[in-house]
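Reviewing the structure listed below.
Chain A is the first sequence line, chain B the second, and so forth, proteins listed ahead of strands; every chain is numbered from 1. The model shown is predicted, which means the values in this text are computed figures rather than measured ones.
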There are 2 protein chains.
Amino acid sequence: MTGRPENAHQARLLRLLRDKGGRPRAELGDVVGLSRSRLFVELDRLVGCGLVERAAPAASRGGRRSGVVRLSTRLRFAGIDIGATSIDVAVTNAELEILGHVSAPCDVREGPDVVLGRALAMAEKLRGEGLFDELHGVGIGVPGPVGFRDGVPIVPPLMPGWDRFPVREVVGRQLGCPGLVDNDVNIMALGELHAGSARSVHDVLLVKLGTGVGCGILIDGEIYRGASGSAGDIGHVRVDDDGPLCVCGNTGCLEAYFGGAALARDATAAARSGRSPYLAERLDQGPALTAADVAAAAAAGDAAAIRLVREGGRRVGQVLAGVISFFNPGLVVIAGGVARLGHPLLAEIRAVVYQRSAPLATGNLPIVLSELGDTAGVIGATRLISDRVFSAS
Amino acid sequence: MTGRPENAHQARLLRLLRDKGGRPRAELGDVVGLSRSRLFVELDRLVGCGLVERAAPAASRGGRRSGVVRLSTRLRFAGIDIGATSIDVAVTNAELEILGHVSAPCDVREGPDVVLGRALAMAEKLRGEGLFDELHGVGIGVPGPVGFRDGVPIVPPLMPGWDRFPVREVVGRQLGCPGLVDNDVNIMALGELHAGSARSVHDVLLVKLGTGVGCGILIDGEIYRGASGSAGDIGHVRVDDDGPLCVCGNTGCLEAYFGGAALARDATAAARSGRSPYLAERLDQGPALTAADVAAAAAAGDAAAIRLVREGGRRVGQVLAGVISFFNPGLVVIAGGVARLGHPLLAEIRAVVYQRSAPLATGNLPIVLSELGDTAGVIGATRLISDRVFSAS
DNA sequence: CGGACTTTGTCATCTCACTAGAAAAAGTCC
DNA sequence: GGACTTTTTCTAGTGAGATGACAAAGTCCG
């Protein structure tokens, strides 16, 4: 019935239709560099195997109206973003537009059986809503290093019990479609590439400031994973000789200074010690403090909160300055829960980076906040698997 | 007469013959995945245009002896490595084996006219020795950032007067062959990839500790240059909040602590202050102190020299630890003049990196010294241009 | 309404890269 | 000298892909 592209042309056509939407057939020829006759043959085959369908013809441009083709509206991709403290599951159409999205808090430390069970239950809920017309693939992000080829986490520090657990196999079998697993930071980067701040940029750095601190690397629009799949691990770069003890065992790591847990810890301390009346009031009102609270406090002029943002931004900036000098990206995107600190944080990061990085590397380097926020992960996950499904062989 | 490959098959064949040497024709088919008949057609064309020639047939393996083909022995490539304080020019055959090599001290700050004039005179000397049979290309390395597409240096800090000077055009026209210009660190990395420590490794970091400190990045065997061509600039990463003033205007840069100039400065200070009797004696004997002197002093047990090596290695290791966590290379090669400090330096770097980098990234990460030493640059330069010449279109 | 013009879709034909397989050539081994 | 192997050459066939003629379906204008 529905199949996979048979050759590179078909793969290119599918990705083009995914990224640019439905198109008149006659236009496509120029874009992919094929003659009409050949192009129509390939398109007919794609229609034949159910991946592409014909839509109502476009308005005339002075001659015969052109037949429009688009990706089949029945195609679906699923994205599962497993964070340290939450699960997001979404279903998209072939153009990776979200049709359904559910989110739930969940501690990844409960282990793969519990967490994946919950994620799959969320997916089944979406299936129950009739959203799984023809599921062609599922992308999965997990908060730790991944052996990409096998689709298994590899000694993930934040995920006890997940080491070498066959995530791809379990999820793929359960949903009955091909799957791919990658680090959550990498898929967020893909998400921003597909639909967010990083559209049409080649070399991108996505810096995630969340429970963990890490960074996704895109080179020529593709994830760079490094020799053993752990590339982008900047959370444990030293920012000071002495400093708080980190989960990794070293001291002075960026994550121990300014990860989500560190920020909550410092904010709570500021509230309790009386240095921050604003945060103290918040703390009394209810749940534990988060980055959003610190952001509100800073916006309200709370001195202690402003200082937290400043110092955190400075330390992130120090690490980024080195990374940017080394990698010379075309764009840096700041994402993750701590990025809710917003523009004050961004301003501090920019100041340090522009001062300390090589001038050539920062000459026209935008440093921006994530556009997609919480949906970057799931969108990126579907992009990951759709890149694979829409590729030849 | 002699031309360029017409298609991707021919390009692959040429690179294969370059990297693995001459081969029986029958063997080649399996390697490039072509049928015999097709392969022989392409080979005949390459022979026809003078790039490939037939050699004496190989010994029989139980049947008819196979005809051997190899790259034409008349083909030549030239490599020009312009360092901060020296020029190296070499000519190689098509397999990038050095046939002639001349080296001369030269201060790059004398400007492009003087320096390139000298380099071209050195090349003409090699031509005079009959080494330019059929020059097919010249690769050029310069000690600063390069706009690769245009072949011009771009605001190079160590090279006043070179900004946007048309190096590729001038050298290419003078030698009458295509040319390519790149950063000297990048071409050193290519050199180690081709014939040195980095053979058959995909993701490589070449760290050059010389007058400048920088690093060449190879991803899948190709140079990664970044969005604006300045990738790998780790010389100006901050290692301490305060520290010596650097040429870049900031303080605490790695290069200001442990570049060639810094090491000479510190060694001389140690000699003059009496902390190092060994270095003081050397200094009296003649020319200014270099890394080789410090290495000898350390080997002789001179405490001050050992301390210089230790502290330098520690600082390099600190920066590398961050870079390695981020980039997760499969190999790190230490090169440049300061690398003459040898294994004591290496030991210190390794200790810091293995302690501070992400365990997954260092799990099986070799950190080694350059195999090629002073010839890495010129070999890499010829590799750069031969990659271009041996590629289709 | 009907021609002039334009754009899209279809079809037959031609070229060329490439494979497969037969047959010839050049060896070795007994 | 024959049996067997390996390389080389040659021929025919397949399929991707381009090209260009022609039909189909529009618009525009008198």
Checklist outcome for this item: When every non-hydrogen atom of B:F148 is compared with those of B:R225, the smallest separation belongs to CE1-NH2, 3.2 Å
Checklist entry - With sequence neighbours excluded, what pairs up with B:D44 under the side-chain hydrogen bond (donor to acceptor under 3.5 Å, both in side chains) test? => result none
Checklist entry - Partners of B:S228 by side chain to side chain contact (heavy atoms under 4.5 Å, CB included), sequence neighbours excluded? => result A:N328, B:S230
Next on the checklist: Just to verify, what does B:V146 make a side chain to side chain contact (heavy atoms under 4.5 Å, CB included) with, not counting sequence neighbours?
Outcome noted: B:V142, B:V181
List, one per line, each side-chain donor-acceptor pair under 3.5 Å for residues 90-100 of chain B, sequence neighbours excluded.
unit_1	atom_1	unit_2	atom_2	d
B:N93	OD1	B:E95	N	3.0
B:N93	OD1	B:L96	N	3.1
B:N93	OD1	B:E97	N	2.9
B:N93	ND2	B:E97	OE1	2.9

Item to check | Strand partner of C:dC30, provided both Watson-Crick or wobble distances fall under 3.5 Å | outcome: D:dG1
Next on the checklist: Quick one, B:Y224 with A:D203, criterion side chain to side chain contact (heavy atoms under 4.5 Å, CB included). Give me CA distance, side-chain angles, the key distance, then yes/no.
Outcome noted: CA-CA 10 Å; B:Y224 172 78; A:D203 303 327; 3.5 Å; yes
Next on the checklist: Generate the contact string for nucleotides 24-30 of chain C. Rules: B means base contact, S means sugar-phosphate contact only, - means no protein heavy atom under 4.0 Å.
Outcome noted: -BBBS--
Checklist entry - Quick check, are the ring centers of B:F327 and A:F327 under 6.0 angstrom apart? => result no
Checklist entry - In whole angstroms, how far is the C1' atom of C:dA17 from the CZ atom of B:F40? => result 17 Å
Checklist outcome for this item: Residues of residues 10-26 of chain A with a heavy atom under 4.0 Å from any atom of DNA chain C, listed by number, are A:R25, A:A26
Checklist entry - Any ring pair (Phe, Tyr, Trp, His ring centres under 6.0 Å) pairs touching residues 10-38 of chain A, not counting sequence neighbours? => result none
Checklist entry - Which residues pass the side chain to side chain contact (heavy atoms under 4.5 Å, CB included) test with B:D150, sequence neighbours left out? => result B:V152
Under 3.5 Å, sequence neighbours excluded: what are the donor-acceptor pairs made by side chains of residues 54-67 of chain B?
unit_1	atom_1	unit_2	atom_2	d
B:S60	OG	B:G62	N	3.0
B:S60	OG	B:G63	N	3.2
B:S60	OG	B:G63	O	2.6

N/O to N/O distances under 3.5 Å, protein versus nucleotides 17-20 of chain D:
unit_1	atom_1	unit_2	atom_2	d
D:dG17	OP1	A:H9	NE2	2.9
D:dG17	OP2	A:R38	NE	3.3
D:dA18	OP2	A:S35	N	3.0
D:dA18	OP2	A:S35	OG	2.7
D:dT19	O4	A:S37	OG	3.0

Checklist entry - Salt-bridged, A:R199 to A:D19, with N to O below 4.0 Å? => result no
Polar atoms only, N or O, under 3.5 Å: list the protein pairs with nucleotides 28-30 of chain D and their distances.
none

Checklist entry - Under the side chain to side chain contact (heavy atoms under 4.5 Å, CB included) test, which residues partner A:S72, sequence neighbours left out? => result A:E53, A:R74, A:L75
Item to check | Any donor-acceptor pair under 3.5 Å from A:R45 side chain to A:E6 backbone | outcome: no
Checklist entry - For A:L43 and C:dT10, what is the distance between atoms CG and C1' respectively, to the nearest whole Å? => result 14 Å
